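Please read all numbers here as calculations on a predicted model, not as lab measurements.
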Amino acid sequence: MLMSHPAILKNLLEQYETLRVLHAENGDEEARQRLEDVSYTLCVSTGTRDIDCALAAARHQLQEACPVDDCLLTA
């Protein structure tokens, strides 16, 4: 199976968490659609079929790829 780059997974996880909070706060259609899109992308990126499995897989892949917290710093 192809593995997504850790920086991509980290970004997707951050987007998911942000959109989940945004959707919970105001629940508008745009936030819901963006949350669905990011959820789908996380599933595809991790080879899973539901968001809970995708989140667990992404976190696991990040932990395995880089056990040190600061290794995913962006320029």
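Shortest non-hydrogen contact noted between Ala58 and Leu42 is CB-CD2, 4.1 Å. Contact record, Leu9 with Ser45: CD2-CB, 4.1 Å, taken as the closest heavy-atom pair. Residues Val38 and Leu12 share a closest heavy-atom pair of CG1-O, 3.6 Å.
Looking at residues two or more places apart in sequence or on another chain, you find no side chain to side chain donor-acceptor pair (under 3.5 Å) involving Thr41. With sequence neighbours excluded, no residue forms a side chain to side chain donor-acceptor pair (under 3.5 Å) with Glu30. Listed by chain and number, the residues in a side chain to side chain donor-acceptor pair (under 3.5 Å) with Asp37 are Gln33 (sequence neighbours excluded).
With rounding to the nearest 0.5 angstrom, the OG atom of Ser39 is 10.5 Å from the CD atom of Gln15. Expressed to the nearest 0.5 Å, how far CZ of Arg20 lies from CG of Leu55 amounts to 8.0 Å. Here Gln61 contributes atom CD and Ile8 contributes atom CD1; the two are 12.5 Å apart, rounded to the nearest 0.5 Å.
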Can you list, pair by pair, the side-chain donor-acceptor contacts under 3.5 Å of residues 22-29, counting residues two or more places apart and other chains?
unit_1 : atom_1 : unit_2 : atom_2 : d
Asn26  : OD1    : Asp28  : N      : 3.3
Asp28  : OD1    : Ala31  : N      : 2.9
Glu29  : OE1    : Arg32  : NE     : 3.3
Glu29  : OE2    : Arg32  : NE     : 3.4
Glu29  : OE2    : Arg32  : NH2    : 2.2

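Judged by distance alone, with hydrogens and angles left aside, the side-chain atoms of Thr48 form no donor-acceptor pair with the main-chain N or O of Cys53 at under 3.5 Å.
Residue Tyr40 is found in a hydrophobic cluster whose other members, listed by chain and number, are Val44; membership requires side-chain heavy atoms under 4.5 Å apart, directly or through intermediates.
Applying the salt bridge (charged side-chain N to carboxylate O under 4.0 Å, His left out) test to residues at least two apart or on different chains, the pairs with a partner in residues 43-59 are Glu17-Arg59.
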